[in-house]
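Only one structure is covered here, and it is reproduced in the block below.
What you see below is based on every heavy atom in this structure, not just the backbone, and it leaves out hydrogens, waters and symmetry mates.
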Amino acid sequence: RILYVLTDLVAPLVVGYYLHQRRLVSDTTINKLIKFNVVCVYTLLSLLSFWVLPLSWSLLLVPLFGFLLVLLPGAIGYGLFARRIPDLLDRGAYIASAMLANLGTLGGVCAFILYNEEGFAYSQLIGTCQNVMLCLIVFPMAQYHYLKHTASVRKTSRLHAFREMFLSVNQMSLIGMIIGMLLNAGGIARPAALGPIFQSLVHIAAWIAMLPVGFLIDFKQVRHYEQKVRSLSLLRFVITPLIFVLLTRLLVDDPVLRGTLLILAFCPTAINAVLASKIYHLSVDLAVSSFVITTAAFLFLFFPLLFFLLK
């Protein structure tokens, strides 16, 4: 199980970085790969996962934590740090990096290592909530900062700006979620043959998501943005975990769910923060720097500590 960290996370990063250094793939190809992942793969994964998502009142608490894992770091990150950043492209990338943690991919693998299928299921449900927030809040926020940076907001009507921010092809996965939920609520069972396809798509999506990040890594820029990322590290590894330690002690009795939430509260910046910055022309290097620095800290320091504390 722990090999998934290497095969699905580290390996595509290395391959992407190698392709960039050797100039074997163009920026245009990488942009098309990112677009394909967001529009096609994520949409299909959303449809298949929502199709079998248990629809019960008892699970309402889990999505609540999923939304809080996005909204609280985003609000705190903006209030304490991001609003002081004058460059709008840097500010938008910072907020995206604060809001999005690597819950579904890295968090899912780590929860699976500790709590088997139950921990993985909780992480995927919470990660699905983050995907909803990605479409409803993060993409529009990223688009808004880009439009404001280019002064396009002033040149377009409110209706046009709303359509650009909320009715983009990048929100296609919402359609997959809605279709999957309708099939689920209608009592239509998902064919068993789609189970292995879904599992394969998870690994494919991880590779397609991680490879462009490796392609975009520039260690000179990582050093350049290291100072700005320090506050993101504080947010990721101190402020957010402390809040969720208190919340889970007050609201959660299930030890597996509590441990899974603690792992997810420590998760580093998500790949999707880099993708959102790339799609909407924000400061990709800031998002990549946050991803690289916080992921390295999580993999080599915080997750080993959590492994022995929660095992």
Side-chain angles (χ1 to χ4, degrees), residues 26-43 46 67 69-101 129-178 209 212-213 215-216 218 221 224-225 228-229 231-232 235 269-291:
S26 66
D27 288 338
T28 302
T29 302
I30 290 296
N31 290 336
K32 289 180 180 178
L33 190 64
I34 293 172
K35 200 77 170 180
F36 173 75
N37 203 32
V38 171
V39 176
C40 299
V41 181
Y42 282 4
T43 301
S46 297
F67 294 132
L69 276 168
V70 177
L71 295 175
L72 281 178
I76 295 170
Y78 174 78
L80 294 181
F81 309 113
R83 66 178 181 176
R84 301 176 185 176
I85 300 175
D87 188 298
L88 289 170
L89 300 183
D90 281 356
R91 187 188 300 175
Y94 187 101
I95 297 171
S97 299
M99 297 181 76
L100 298 173
C129 298
Q130 181 172 259
N131 290 338
V132 174
M133 303 302 282
L134 173 69
C135 295
L136 291 179
I137 294 181
V138 179
F139 279 163
M141 178 280 300
Q143 177 78 336
Y144 170 79
H145 279 81
Y146 172 72
L147 292 174
K148 191 173 181 180
H149 172 79
T150 59
S152 298
V153 171
R154 300 173 186 173
K155 299 176 183 179
T156 58
S157 67
R158 291 183 179 180
L159 178 62
H160 181 70
F162 177 88
R163 186 170 63 249
E164 280 190 323
M165 286 189 288
F166 288 98
L167 301 179
S168 166
V169 69
N170 297 321
Q171 278 83 36
M172 277 291 292
S173 60
L174 282 177
I175 296 176
M177 295 176 189
I178 293 170
V213 177
F215 186 87
L216 294 170
D218 183 338
Q221 291 299 324
H224 175 74
Y225 283 102
K228 289 183 179 179
V229 173
S231 58
L232 275 168
L235 182 66
T269 297
I271 304 151
N272 285 337
V274 179
L275 301 184
S277 299
K278 180 70 173 175
I279 290 170
Y280 292 104
H281 312 290
L282 302 178
S283 297
V284 175
D285 289 328
L286 189 151
V288 171
S289 300
S290 174
F291 172 82

Next on the checklist: Could you go through Asp27 and Phe215, starting from their C-alpha distance and side-chain angles, then the distance that decides it, and tell me whether this counts as side-chain contact (heavy atoms from CB on, under 4.5 Å)?
Outcome noted: CA-CA 9 Å; Asp27 288 338; Phe215 186 87; 3.1 Å; yes
Checklist entry - If you look at every heavy atom in Phe67 and Met133, which pair is closest and at what distance? => result CD2-SD, 3.3 Å
Item to check | From NZ (Lys228) to CZ (Arg91), nearest 0.5 Å | outcome: 10.5 Å
Item to check | Approximate separation, where rounding is to 0.5 Å, of Thr43 OG1 and Asn37 CG | outcome: 9.5 Å
Checklist entry - Do any N or O atoms from the side chain of Ser283 and from the backbone of Asp90 form a donor-acceptor pair under 3.5 angstrom? => result yes
Next on the checklist: Please evaluate residues Asp285 and His224 with respect to the criterion side-chain contact (heavy atoms from CB on, under 4.5 Å), reporting the C-alpha separation (whole Å), side-chain torsions for both, the decisive distance (0.1 Å), and the verdict.
Outcome noted: CA-CA 9 Å; Asp285 289 328; His224 175 74; over 6 Å; no
Checklist outcome for this item: Correct closest heavy-atom pair for Ala276 and Val138 would be CB-CG1, 4.4 Å
Checklist outcome for this item: For Tyr146 and Leu282 the tightest heavy-atom approach is N-CD2, 4.1 Å
Next on the checklist: Given Leu100, which partner from the list Ile95, Asn272, Leu275 fulfils the side chain to side chain contact (heavy atoms under 4.5 Å, CB included) test?
Outcome noted: Asn272
Checklist outcome for this item: Closest heavy-atom pair, Ser290 versus Thr269, reported as atoms and distance to 0.1 Å, is OG-OG1, 2.6 Å
Checklist entry - Does any non-hydrogen side-chain atom of Ile137 lie less than 4.5 Å from one of Met99? => result yes
Item to check | Distance-minimising heavy-atom pair for Ser97 and Leu232 | outcome: CB-CD1, 3.8 Å
List, one per line, each side-chain donor-acceptor pair under 3.5 Å for residues 69-86, sequence neighbours excluded.
| unit_1 | atom_1 | unit_2 | atom_2 | d |
| --- | --- | --- | --- | --- |
| Arg83 | NE | Gly79 | O | 3.1 |

Checklist entry - How far apart are the closest heavy atoms of His281 and Leu89, and which atoms are they? => result O-CD2, 3.6 Å
Checklist entry - How long is the gap from OH on Tyr94 to CG on Asp87, to the nearest 0.5 Å? => result 14.5 Å
